[in-house]
Structures are given as C-alpha cells and as structure tokens.
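Just so we're clear, the structure is a prediction, and the values are computed from it rather than from any experiment.
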Amino acid sequence: MADDKRVAKLKLDDLLMTLSGDRRYLKVCRNKGDAVGVERYERALKLNHSLIREHCAEHHLKRPHDVPPEDAA
C-alpha cells in the first residue's frame with residue numbers, strides 16, 4: 001500500500017510538472033499576443049486540472065492548492 005501511495009505521488013508530481021510548463025507557455029503566449037497559443041494552453045490547463053483532480057480523488061491525495069475545485073473550472 002505504501003508503494004502504491006509513493007507511485008501515486010510520483011505521478012502527481014509528473015502532472016504538476018506538466019501543469020507548470022503549460023502555465024509558463026501560456027504566459028509566453030500572452031506576452032507575445034498569440035491568441036491561438038493562449039487558447040491552446042488555457043484548454044491544456046483545464047485538462048491538466050481535471051486530470052490532477054481525478055488522480056487525487058482516485059488515490060486519496062490532497063488536491064494541490066493551485067488546482068481549482070471542479071465547480072471553479
């Protein structure tokens with residue numbers, strides 16, 4: 001069981017790294033005025049938030065504070 005929790009936390013770390021990268025790219029696109037890029041990364045953020053919420057619920061992990069609850073997405 002402890003190994004399962006450790007694996008779940010590692011997967012969560014991977015998801016959070018992806019989220020962090022998408023946030024950086026979103027900021028770059030906004031600064032460049034790239035409307036298509038902004039739309040793409042906003043969709044990616046919503047998807048990543050959803051994946052993180054599902055993963056946390058499935059493995060009984062605390063949802064990170066910077067991932068909004070489902071009704072706020």
Quick check for you: to the nearest 0.5 Å, what is the distance between I52 atom CD1 and L47 atom CG?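 Between atom CD1 of I52 and atom CG of L47 there are 9.5 Å.
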
According to salt bridge (charged side-chain N to carboxylate O under 4.0 Å, His left out), does anything in residues 55-67 pair up with another residue at least two apart or in another chain? List the pairs.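 Residue pairs with at least one partner in residues 55-67: R23-D66.
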
Contact between V67 and N48 at the side-chain level, heavy atoms closer than 4.5 Å - yes or no?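 Heavy-atom side-chain distance check fails, nothing below 4.5 Å.
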
Would you compute the distance between atom OG of S50 and atom CG of L45 and round it to the nearest 0.5 angstrom?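 Rounded to the nearest 0.5 Å, the OG-CG separation comes out at 12.5 Å.
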
Name all residues meeting the side-chain contact (heavy atoms from CB on, under 4.5 Å) criterion together with K27; count only those two or more places apart in sequence or in a different chain, and write none if there are none.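 Scan of K27 (side-chain contact (heavy atoms from CB on, under 4.5 Å), adjacent residues dropped) gives N31.
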
To the nearest 0.5 angstrom, please state how far the CG atom of D4 sits from the NZ atom of K9.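 Spacing of CG (D4) from NZ (K9) equals 12.5 Å.
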
Please identify each residue that fulfils side-chain contact (heavy atoms from CB on, under 4.5 Å) with A57, with sequence neighbours left out.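 For A57, no residue satisfies side-chain contact (heavy atoms from CB on, under 4.5 Å) once neighbours in sequence are set aside.
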
Salt bridge (Lys or Arg N to Asp or Glu O under 4.0 Å) partners for R30, two or more places apart: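 So R30 forms a salt bridge (Lys or Arg N to Asp or Glu O under 4.0 Å) with E42.
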
Of all residues at least two apart in sequence or in a different chain, which pass the side-chain hydrogen bond (donor to acceptor under 3.5 Å, both in side chains) check with T18?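 Listed in chain order: nothing, the list is empty.
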
What pairs of residues pass the ring-ring contact (aromatic ring centres under 6.0 Å, His included) test when at least one of them lies in residues 13-42, not counting sequence neighbours?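 Every pair satisfying ring-ring contact (aromatic ring centres under 6.0 Å, His included) with a residue in residues 13-42: Y25-Y41.
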
Under the side-chain contact (heavy atoms from CB on, under 4.5 Å) rule, collect the residues that match up with H59, sequence neighbours excluded.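 Expected list: A8, H55, L61.
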
Using the salt bridge (Lys or Arg N to Asp or Glu O under 4.0 Å) criterion, which residues pair with R43? Sequence neighbours excluded.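 Checked R43 against salt bridge (Lys or Arg N to Asp or Glu O under 4.0 Å); matches are E39.
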
Quick check for you: to the nearest 0.5 Å, what is the distance between L26 atom CG and D34 atom CG?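 One finds 10.0 Å between CG of L26 and CG of D34.
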
With sequence neighbours left out, write down each residue that passes salt bridge (Lys or Arg N to Asp or Glu O under 4.0 Å) with D14, or none if nothing qualifies.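 Here no residue qualifies.
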
Partner set under side-chain contact (heavy atoms from CB on, under 4.5 Å) for S20, not counting sequence neighbours: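 Per chain and number, S20 pairs via side-chain contact (heavy atoms from CB on, under 4.5 Å) with R24.
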
